[in-house]
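See structure below.
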Amino acid sequence: MTQMQSLTKYEHQVLPKLRDHLNQSESVEDVKKFYIATVQEFIELATEGKLAIDYDDISLTPEQEPFYSISQKIMSSEAMKELGDSDFDSVMHRMAEQAAHRHTHLMKNNTKTNLKIKNH
């Protein structure tokens, strides 16, 4: 029986910054940008710097679970294969879920935001 590798220590390192950025985000583009930057940092920590993630390798998909997608190039890399026996998917899902909720909230309140901008 193999032991599962836990990546929650890395999650706890990046999560406060993600929450702060999500709370400060004013548009859905901000949410995506902050989420992707956080995931880049998380993956770099989890792979101990073996894997550099480009901005285009990750996307937030708030309309459908698991709320994120990662390019096949990254998923098939040796560094990601080493994370096979880990809670990587769970951590990614939790972070993406938070970003997706903020994205949805901003989408619903988009008309209010646009009215505020027009009135200034």
Side-chain angles (χ1 to χ4, degrees):
M1 182 174 172
T2 61
Q3 188 172 355
M4 186 172 185
Q5 179 184 3
S6 177
L7 302 175
T8 54
K9 65 181 176 183
Y10 303 121
E11 177 186 18
H12 292 287
Q13 288 179 20
V14 299
L15 203 53
K17 188 173 15 172
L18 175 63
R19 285 188 187 133
D20 287 344
H21 286 306
L22 290 177
N23 288 336
Q24 295 171 12
S25 60
E26 297 177 357
S27 71
V28 293
E29 288 306 312
D30 286 347
V31 171
K32 290 177 182 179
K33 179 178 69 174
F34 294 139
Y35 171 73
I36 291 171
T38 302
V39 169
Q40 286 173 315
E41 183 180 350
F42 169 70
I43 292 176
E44 188 174 316
L45 288 169
T47 61
E48 298 171 348
K50 295 177 190 170
L51 187 59
I53 308 292
D54 292 329
Y55 187 86
D56 296 334
D57 288 329
I58 303 162
S59 59
L60 180 66
T61 56
E63 317 81 38
Q64 63 188 33
E65 286 203 37
F67 305 120
Y68 70 95
S69 66
I70 300 177
S71 71
Q72 190 58 39
K73 174 185 90 171
I74 298 300
M75 292 307 293
S76 63
S77 70
E78 196 59 41
M80 288 302 289
K81 289 178 184 175
E82 291 175 13
L83 298 178
D85 288 333
S86 72
D87 56 354
F88 178 80
D89 291 331
S90 298
V91 172
M92 288 292 294
H93 180 75
R94 287 191 294 267
M95 290 192 302
E97 192 172 33
Q98 289 184 23
H101 285 301
R102 181 64 177 167
H103 184 280
T104 302
H105 174 75
L106 289 172
M107 287 297 290
K108 286 180 182 176
N109 294 320
N110 194 22
T111 54
K112 276 189 195 176
T113 304
N114 287 338
L115 286 174
K116 284 182 184 178
I117 291 170
K118 285 181 184 177
N119 290 332
H120 279 81

Side chain of [X], backbone of [Y]: donor and acceptor closer than 3.5 Å?
X    : Y   : result
T61  : Y68 : yes
R102 : S25 : yes
D85  : Q5  : no
T8   : E11 : no

Give me the atom names and distance for the closest heavy-atom approach of [X] to [Y].
X   : Y   : result
L7  : S86 : CD1-OG, 3.6 Å
A79 : L51 : CB-CB, 4.0 Å
S76 : K81 : O-CE, 3.3 Å

Atom [atom1] of [X] and atom [atom2] of [Y]: how far apart are they, to the nearest 0.5 Å?
X   : Y   : atom1 : atom2 : value
Q40 : Y35 : CD    : OH    : 11.0 Å
L60 : M95 : CG    : CE    : 11.0 Å
I58 : K32 : CD1   : NZ    : 14.0 Å
D57 : I36 : CG    : CD1   : 9.5 Å
L83 : M75 : CG    : CE    : 9.0 Å
H12 : F42 : NE2   : CZ    : 10.5 Å

- Steps toward side-chain contact (heavy atoms from CB on, under 4.5 Å) verdict (L22, R19): CA-CA 5 Å; L22 290 177; R19 285 188 187 133; 5.8 Å; no
- Would a hydrophobic clustering, with Ile, Leu, Val, Met, Phe, Trp and Tyr connected at side-chain separations under 4.5 Å, put F34 with M107?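 Cluster IDs for F34 and M107 differ.
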- Task: Would you please classify the geometry between the H101 ring and the F67 ring as parallel, tilted or perpendicular, with 30° and 60° separating the classes?
- Result: tilted
